[in-house]
Engineer: 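For reference, the structure I am asking about is given below.
Throughout, a chain's letter reflects where its sequence line sits, starting with A, and its residues are numbered from 1.
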2 protein chains.
Amino acid sequence: MVNPKYHIFICTSCRVNGVQKGFCFSKDSVDIVQKFMEEVDDRGLSGDVMITNTGCFGICDKGPIAVIYPEGIWYGNLSEDDVEKIIEQHIEGGEPVKDLMI
Amino acid sequence: MVNPKYHIFICTSCRVNGVQKGFCFSKDSVDIVQKFMEEVDDRGLSGDVMITNTGCFGICDKGPIAVIYPEGIWYGNLSEDDVEKIIEQHIEGGEPVKDLMI
């Protein structure tokens, strides 16, 4: 799939030298990626939503970070518990979750 | 910086388990990331352009891959030599490079 309706990028602190180390990773962002993948699968959204892990966005003090394109909505200070709300309200409902935005 | 004018994502085959292994990585995509960073710096574009390395986009046979948001323009089969053209024509000129799009 190219050109998904929504493309969700989540920092897992991957560095280009292959070392995974950093704030988002240390705050369990890999679990957040996996929760996004589960929710997208469970709700039958995999034709519309692509999920990609990334390296650092440079705003580590606000991590864990996710950004959703094409809108360019940035979420911060995420935990696994926030994922369901983002999928339900933003992806399914079209309304960004204001209190998680940075 | 959040909400950059252009956000360029380049696959460096980062996996969520921290292992960097895969097609884009094996085809020197780390050099492509670094070339993007150099060009953006050299041309004074760092206020408008964010560059982020990523995990797999799932279309490895077309790699190395870059995607530019918010437009959602996908480039494939990239080499370091293509970077200058993308920056000049797409980022500075506003015209996607059709012959590199997938």
Engineer: Can you name the nearest heavy-atom pair linking B:N3 to A:W74, along with the distance?
Structural biologist: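 Answer, listing the atom of B:N3 first, then A:W74: N-NE1, 3.2 Å.
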
Engineer: Could you state the interatomic distance from OG1 (A:T54) to CZ (B:F9), rounded to the nearest 0.5 Å?
Structural biologist: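 Here the rounded value is 7.0 Å.
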
Engineer: Look at the side-chain heavy atoms of Ile, Leu, Val, Met, Phe, Trp and Tyr, link any pair under 4.5 Å apart, and say whether B:F23 and B:I10 land in one connected group.
Structural biologist: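 No: no chain of side-chain contacts under 4.5 Å links B:F23 to B:I10.
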
Engineer: How many angstroms lie between CG in B:N53 and CG in A:N53, if you round to the nearest 0.5 Å?
Structural biologist: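 So the CG of B:N53 and the CG of A:N53 are separated by 9.0 Å.
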
Engineer: Quick one: closest heavy-atom pair of A:H7 and B:Y69, and the distance?
Structural biologist: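 Closest approach of A:H7 to B:Y69: ND1-OH, 2.8 Å.
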
Engineer: Quick one: what part of B:E71 sits under 4.5 Å from any heavy atom of chain A, side chain, backbone, both or neither?
Structural biologist: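 For B:E71, neither part sits under 4.5 Å from chain A.
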
Engineer: Among A:V67, A:V30, A:I65, who wins on heavy-atom pairs under 4.5 Å with chain B?
Structural biologist: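 Of the options given, most contacts go to A:V30.
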
Engineer: Among A:G55, A:S29, A:C56, single out the residue with the greatest number of heavy-atom pairs under 4.5 Å to chain B.
Structural biologist: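 The residue among A:G55, A:S29, A:C56 with the greatest pair count is A:G55.
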
